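In what follows, a single structure is set out as structure tokens and then discussed.
None of these values were measured; they are calculated from a predicted model. Numbers restart at 1 for each chain; the letters A, B, ... are given by sequence-line order, proteins then strands.
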Amino acid sequence: MERGLTMNEKQFQDQKIVLIDGHSILNRAFYGLPDLTNAEGLHTNAVYGFLNILFKILEEEKPEYLTVAFDVHAPTFRHEMYKEYKGTRKPMAEELRQQVPVIKEVLKAMGIRLIEQAGLEADDLIGTLSRRCEEAGMQVVVLSGDRDFLQLATKKVKIRIPKTKQGRTEVEDYLEEDVKEKYQVTPKEFIDVKALMGDTSDNIPGVPSIGEKTATKIIVEYQTIENAYAHVDELKPPRAAKALKEHYDLAQMSKELATINVHADFPYEVEEGKIGELFTAEAYEWFQKLEFKNLLGKFEIQAPASEIEDSFVTVTDPAGMDAVFEKAAGAGTVGVVLERNTENVLPLFAAMSGISGAVLAFSADGKDEIVSIQTGNGISADALMERLSALTESRAQISMFDVKKELPHVRTCRRENFFDVHVAAYLLNPLKSSYEPDDVAREYLDLTIDAKLSEEKKSCYEAYTMYRAADVLREKLKEYGMEALFDEIEMPLVFALFDMEQAGVKVEAEALKEYGQDLGVQIERLEAEIFELAGETFNINSPKQLGVVLFEHLELPHGKKTKTGYSTAADILEKLAPDYPVVSKILEYRQLAKLKSTYADGLVNFISEDHRIHGTFNQTVTATGRISSTEPNLQNIPIRMELGRQIRKVFVPEEGFVFVDADYSQIELRILAHCSDDEALIQAYKEAKDIHRTTASQVFHTPFDEVTDLQRRNAKAVNFGIVYGISSFGLSQDLSITRKEAAEYIDRYFETYPGVKAYLDGEVAFAKEHGYVTTIFGRRRPVPELSSSNFMQRSFGERVAMNSPIQGAAADIMKIAMIRVNQRLREEQMESRIVIQVHDELLVEARIDEVEKVKEILKEEMEHAADLKVPLIADMSVGSNWYEAK
DNA sequence: GAGCTCACG
DNA sequence: ACGTACGTGAGCTCC
């Protein structure tokens, strides 16, 4: 029979081939890795895991040949899981299904031989290939997650089974001997064992009442099912004898099913499996698209890179520097990277340290120029920054990465002239965790900046990236309808945030320390009381130890459990507090411990020499478009509980100043009214009604004036729930009512405001169709979770689709207000300044004689930041500290 | 470094 | 049946 193998030739002698069970490995990878998606929302975890296993095996085995086998599913089976799941007929997860064609394309791009054959399962393809190759004198390695393949193991055929243990991939190896060692039977006998015991997932019935133990025992003694049947009366235990006698036909059929065909007939030339260059340009494109960044390192640096390096120039003399700046001033876009003097500087101070050079990248006379200007030898850092400041006044667009961070080095600048690559990349996909220059280069320019390059070269590549990316990102922003959002909101905001960070906020260190000491005393007292009541000492800060003490030693009734133990979260403990004094003490302890560590002690560490805290307000972090605050977080200073609220007394204005605090009234619900166009909701806001009372009145069919406090409170919770993407479960948790009751509230809410219902449904439908949602200002949030087959994930996606346009629009509006308020304070030469933003609130440190003007500006600019179908309302308050001003 | 808890809007 | 409200950041414990 022609098998396509030239067995009489010795060309394959002692060569090695790796045979991979494609679906099995893909499946292993899929379930072993968290759900990863690329920017387009394509699920990539299985492909990523597959490639990692593949590279690992190739590295270990160093084979000359490689072939990956796939099943061809008949149409009726198309939606079913491969093998392992056929038995239970579960549909293949959608996220996995969409990755099957992807891995095939990726493998093809790497020039890897794929094989699939209608009517033959991958098992049979691999079984036959392993036999043919072995006969040709080759070493064979079979890679699969499926133990069935153990029957193929010989001295020259090694079965490798990857397992994921706590995120790490370990591979179990089986040559013939290893199978014997582990299962006490030869690979051939392994078939009979399996046939006797059966395998539900594989649709192998097996013999009833015979399990793994008995099956192994029988085959160890009799080697085959046929031989065991011949001695059936001697079989022990008698139960097994009886079963085999009655079900011998079943056993034979099972054996047939369990046997992998090693003599299948299909065309295949071993030579086709020869491994060539895996890291082709085509493969590179796929890896880019799938965003497998750490795999890109396997590729040689791309050809364009070396061409770019031809344009690198270094300048160290003043005349050369002037010439470069002059040329750059005439360019359209200039990419700029500042180089810091990091030697002998602690990392913490790196940002403030001196500038050692700058790289400018631009196009002049039709060719790229990437010029590195180094300080020293006649060029001072001051002179360099002076030229840079002047450059910002030219017509050129200055493209930089994280402008807010670089701005302290630029003495003066025309704020209109910047393009922030960091911010643009964030707008295009706010779900990423990093937007570093090399990420941008890779994603948008197909350019790899090798991490191993020298700092100087890296800076050049980065400057080049800034220069090139500006146009590419702008095109993409245009395509997404986000150019106005970028130009009119995000870029101007960079400077508003910069001013706010520079201003900082004054904090009274001494008062804060005293507050912390008071807390310390109280905490010690509580700690002693808790140990007394508990009858033992332990670490109250350890949820684990606390759980053991409360729920095992003291035997308190426990609520839900977490993965690692009993939940000791506040909502659980609060239910126990009335009955157990020790629990109330613990809650109190927790509260005080939090206040001391995070706020009292925590904030003290951030007070600078100028007695102020200069936190960072991040513009590229949140999924919805909000700003976030770090080092320290100034957006979660306590307010809800009186004791914590006291902390706000240490936030004070400068001598001669007061605080003016302005916050939007229910901005998210107003946006909901606007977006949903719901008549009743709009009417309520137009009439300036108490919205929660109005909702309560309508939902509970109660006259407006007769609404009880409880009804109003419930209605308020429903209003909040709507904004979060309502679910009956969530609402029931919040109100401590049953899910059924919560569902009724929601139903009645939607009856009251049918426009809201239609709007929210519409957002979910839009997201399902397009994979993202947008705010009224065009801000986009992808929602990859919506294509998940996991109920929880999908539900989350639905809530995100409902919430993001609202939360995002609120963020947009506040950003506009901040820009305009900041602008006016500057234009009108006032000394008052915004010092903190907390999502719907602005805290302004106002010079006493400017207070009225500040209030006017805040009210005006906040209330008119957007023109909605309902009024926007900002409430003002003045005080001599943040506690008073709220 | 992950998981838990809790501070805010 | 699944097991949640949306968006953050920080401190603590424990592996």
With rounding to whole Å, what would you report as the distance between [N] and [M] at their [atom1] atoms?
| N | M | atom1 | answer |
| --- | --- | --- | --- |
| B/dC6 | C/dA1 | P | 32 Å |
| C/dG3 | B/dC8 | P | 30 Å |
| B/dA7 | C/dC2 | C1' | 31 Å |

Cation-pi geometry met for A/R739 and A/F729 (6.0 Å, 45°): no
Aromatic A/F498 / basic A/K404 pairing, under 6.0 angstrom, 45° off normal: no
Remember a base hit wins even if backbone is also touched, and classify [X] as base, sugar-phosphate or nothing at under 4.0 Å, heavy atoms.
| X | value |
| --- | --- |
| A/E631 | sugar-phosphate |
| A/A717 | base |
| A/S629 | sugar-phosphate |
| A/R781 | sugar-phosphate |
| A/I639 | sugar-phosphate |
| A/Q807 | base |
| A/E668 | nothing |
| A/A623 | sugar-phosphate |
| A/S795 | nothing |
| A/G721 | base |
| A/N636 | base |
| A/V838 | sugar-phosphate |
| A/F720 | nothing |

Using a 4.5 Å cut-off on heavy atoms from C-beta on, say whether the side chain of [Y] contacts that of [X].
| X | Y | answer |
| --- | --- | --- |
| A/K596 | A/Q522 | no |
| A/H692 | A/L669 | yes |
| A/Y515 | A/Y599 | no |
| A/I639 | A/K886 | yes |
| A/N714 | A/Q711 | no |

Nearest whole Å is fine: how far is [N] [atom2] from [X] [atom1]?
| X | N | atom1 | atom2 | result |
| --- | --- | --- | --- | --- |
| A/I540 | C/dG11 | CD1 | P | 20 Å |
| A/E785 | C/dT4 | CD | P | 15 Å |
| A/Q619 | C/dG9 | CD | C1' | 18 Å |
| A/I586 | B/dC4 | CD1 | C1' | 15 Å |
| A/M802 | C/dT4 | CE | P | 17 Å |
| A/W882 | B/dC8 | CH2 | P | 11 Å |
| A/Q646 | B/dA7 | CD | C1' | 16 Å |
| A/R590 | B/dC6 | CZ | P | 4 Å |

Counting side-chain heavy atoms from C-beta on, which of [options] comes nearest to [X]?
| X | options | value |
| --- | --- | --- |
| A/R799 | B/dC8, C/dT13, C/dA5 | C/dA5 |
| A/V800 | C/dA5, C/dC15, C/dG7 | C/dG7 |
| A/V621 | C/dC6, C/dT8, C/dC14 | C/dT8 |
| A/S727 | C/dA5, C/dA10, B/dC6 | C/dA5 |
| A/R640 | C/dT4, B/dG9, B/dC4 | B/dG9 |
| A/F729 | B/dC8, B/dC6, C/dT4 | C/dT4 |
| A/P638 | C/dG9, B/dC8, C/dC6 | B/dC8 |
| A/A570 | B/dC6, C/dA5, C/dA10 | B/dC6 |
| A/D840 | B/dA7, B/dT5, B/dG9 | B/dG9 |
| A/T622 | C/dG9, C/dC14, C/dG7 | C/dG7 |

Is the phosphate of [N], meaning OP1 or OP2, less than 4.0 Å from a side-chain N or O of [X]?
| X | N | value |
| --- | --- | --- |
| A/Q591 | B/dA7 | no |
| A/N539 | C/dT13 | yes |
| A/T568 | B/dT5 | yes |

Any N/O donor-acceptor pair, A/K544 side-chain to C/dC14 base, under 3.5 Å: no
Nearest-nucleotide comparison on DNA chain C, the residue closer to the 5′ end among A/P430 and A/T598: A/P430
Between A/Y745 and A/Y749, ring centroids under 6.0 Å: no
Watson-Crick/G-U partner (both atom distances under 3.5 Å) of C/dC6: B/dG9
